[in-house]
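Side chains included, hydrogens not; waters and symmetry mates left out as well; all remaining heavy atoms used.
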Amino acid sequence: MALSRRTGWSLAPPDRVSLNLTLRCNLSCAMCTTCYDAPELSTDEIKGIIDQTAAWGVEVFNPLGGEPFMRADVVEILDYAVRRGFYVTVTTNGTLISERRAEAIARIPVDRLHFIFSLDGAPEDHDAVRGEGTWARAVEGYRRIRRADAAAGHPRRKILANSLLHARNLERFEASLDALAELGFDGVQVLNLFRGEHEEAAAGDLWFRDTGPLVPVAERLARRAEAQGAAGFRIQNTPEELRRIPRYYESRLTPLEAPCWAGWKELYIHADGRAIMCDGNLDFLAGAFGDVRRSTLRQIWRSPELRERRRVVKRCTTPCNQTCYLRPESDSLAELAAEAGRAVGRRLIEGASRLRRRVEHHPDAVLTLELTDVCPCDWPGCPTPRSRWDDLVAGCPEPPRADNWNRLRDHHHVDFGRGFMGFEVVRAVVDDLLRARLRFGTLALRWRGEPLIHPEIAPILRFLLDRIHRDGLADRLRVHTDGAFLTDEVAGLVDHPAPQEWVVDLDRGDGAALDALRRARGPSVRLLAVATAVEGLDPRALAARFPDLEPAAGRFPAEGDRLWFRRADHDHHLANARARADLARVAGALGLAAELGEEDRPRRCLAVDRTLTVSWDGKVTLCPWDPALDNRVGEVTAGRLSAIWRGLEADRRAVASRGVPDRPRCRDCPMPWSPNGPG
């Protein structure tokens, strides 16, 4: 990319292909000069652009507008782009998201389709610019997506806000960001009014003619960005961008402070099919060249017309204040070389530090990786909707079973488009823990879904077992499964020398997999069958069926092969009282002592020191009783798990002072009393 900029030639593909789906909009915002009726590409033509982008190896497809939801086929287009492998972010005013559209959106994976809602400050400020009642309609569109995702059983979808900072909303702007956080937005991108002669005139009294009041606000926003944590509501701008805002409006910003990468990092397609880019005076249509109806994307990218447009960009002196897309470091070959040297130095220092640093061992802690949130069972207590399994196997020509699962997978009859942790995420977590010399007692696989249906379960298991055995990643690997999809290949890994615990769920399955595991296991493997103590359960019949498993009730058995009867857990104290009675009945029938989880002592949550759960899409929560990820503490796709674990000091202090972390799902949580909890 750096050489491309130096030479003007297309030596690297763009980082993204952007496409104006439409220029139509249902609003008439005071500062907007870009929305109007114009010719549009058909659905099939847009899908063709998506296909070309995917085949090219470009990783980002960026649908733009106008208002994208003016198109009746917009959800179909978004779903198609996601199924072609793209991570898609849509910017919308939010007013056209109906209940029906929200339900359709909920069928698109939450990790691959994100949204940005345009919400400019407080309701009165937003409505003054975009139209009466539009703030409430936008927020209702946002809530519809949240409700539809929740009804489908999904984790939180990433939804940000774009907020224009202008002269009329300055006084209430900081408070409006707090309001967005209260609404549950994941963050905000602070935008400036678009510069240009006509745009400044259209902006009228929105433009900062006097930046005196703006300077302290920009500084406070920058400090807020510097102080924010890795999780929770985040300002997306860098502190440097925020501090540049006053100079932007004063026309004192030079292009070198934010170099333009138009024509190198982005191929931008207009709604009518023409390729467009800035002409040097912020007029994109004047910079039009090429046409997707006459040329392929690669032909447009290599055209002499684009090379000429790049020369214009390199001579451009129009100031800009947005960090442009990706690879900001590729402006200078010298800077690239220096950064490479610094990276090598950091790795050498890190390696030397690893040799000196002692392993930080937490023998009682359990790290859970959710390989998938899809489960094929019909157990009423399963937290995963059956519809996810039905969607996964909808294209299968025969009922999926353990003996045909790999064949159905290899012939692409199974749609793994959502719900499965990538092997690269597993590797990144493991590499980070080994570099940080952080060791958990147990590395567990399951949480909400059945791990054995993962398309790469055998290589993942082999990888984890090797790292435990050779590198000391954890003391043991624990696999929770119903066993229905246990293949010979996976069963063959049970004789691996790494310590293993296989917990076969009798609530979800029949326990038949125990025979295969028993035949294949090595000397370092424990086998457990687990059943939840509920009304109607016959513990004696189960004990007679598994005579080689010693019964245990209450807390997770610490050693030996066991038939474990666990207690059900609920959010209400009366339901938990019934669960205690059910567990007491089972334990009494077998003559066992059992910890029932009586709620007669002060709560003390051990999750901050004993559990950490990583969802299939990389989000990290404190404990497995947070299926909606309300207590998310970070993301391994955007940070390091070791840093997240070591950064829980505020939660640990809260536990020391009040018994539970100061987080939404913790305040009334009864789980510290449960025998199923850590400790």
Regarding [X] and [Y], is there a side-chain donor-to-acceptor distance under 3.5 Å anywhere?
| X | Y | result |
| --- | --- | --- |
| Ser615 | Glu370 | no |
| Ser10 | Arg310 | yes |
| Asn93 | Thr95 | yes |
| Asn20 | Tyr268 | yes |
| Arg16 | Ser18 | no |

I need the [X] [atom1] to [Y] [atom2] distance, nearest 0.5 Å.
| X | Y | atom1 | atom2 | result |
| --- | --- | --- | --- | --- |
| Asn26 | Met70 | CG | CE | 5.5 Å |
| Asp272 | Leu23 | CG | CG | 8.0 Å |
| Glu240 | Leu242 | CD | CG | 8.5 Å |
| Asp120 | Asn162 | CG | CG | 8.5 Å |

Is the Phe86 ring parallel, tilted or perpendicular to the Phe61 ring (thresholds 30°, 60°)? tilted

For Trp616 versus Leu371, what's the shortest heavy-atom pair and its separation? CB-O, 4.1 Å

Residues in side chain to side chain donor-acceptor pair (under 3.5 Å) contact with Asn406, at least two apart in sequence or another chain: Arg409

Check this for me, if you would: do [X] and [Y] make a salt bridge, where the nitrogen-to-carboxylate-oxygen distance has to be below 4.0 angstrom?
| X | Y | answer |
| --- | --- | --- |
| Asp73 | Arg71 | yes |
| Asp79 | Arg107 | no |
| Glu226 | Arg243 | yes |

Would you say the side-chain atoms of Trp301 pair up with the backbone N or O of Leu267, donor to acceptor, closer than 3.5 Å? no

Under 3.5 Å, is there a donor-acceptor pair between the side chain of Arg640 and the main chain of Val429? no

Applying side chain to side chain donor-acceptor pair (under 3.5 Å), run through Thr43 and Glu76 and close with a yes or a no. CA-CA 9 Å; Thr43 306; Glu76 178 185 352; 5.1 Å; no

Suppose we screen for ring pair (Phe, Tyr, Trp, His ring centres under 6.0 Å). Which residues come up paired with His166, at least two apart in sequence or across chains? none

Step through the shown structure and confirm whether more than 12 heavy atoms of other residues, nucleotides or ligands are within 6.0 Å of CD on Glu59. no

Under 6.0 Å from the CZ atom of Arg83, do we count more than 12 heavy atoms belonging to anything else shown? no

Begin with the C-alpha distance, continue with both residues' side-chain angles, and end with the deciding distance and a verdict on side chain to side chain donor-acceptor pair (under 3.5 Å) for Asp210 and Tyr249. CA-CA 9 Å; Asp210 175 13; Tyr249 285 102; over 6 Å; no

Matching residue for Phe115 among Leu160, Asp186, Thr91, Ile159 - test: side-chain contact (heavy atoms from CB on, under 4.5 Å): Ile159

Check for me whether the distance between the ring centres of Phe208 and Tyr248 falls short of 6.0 Å. no

Cation-pi check, Arg130 onto Trp135 ring (under 6.0 Å, within 45° of axis): no

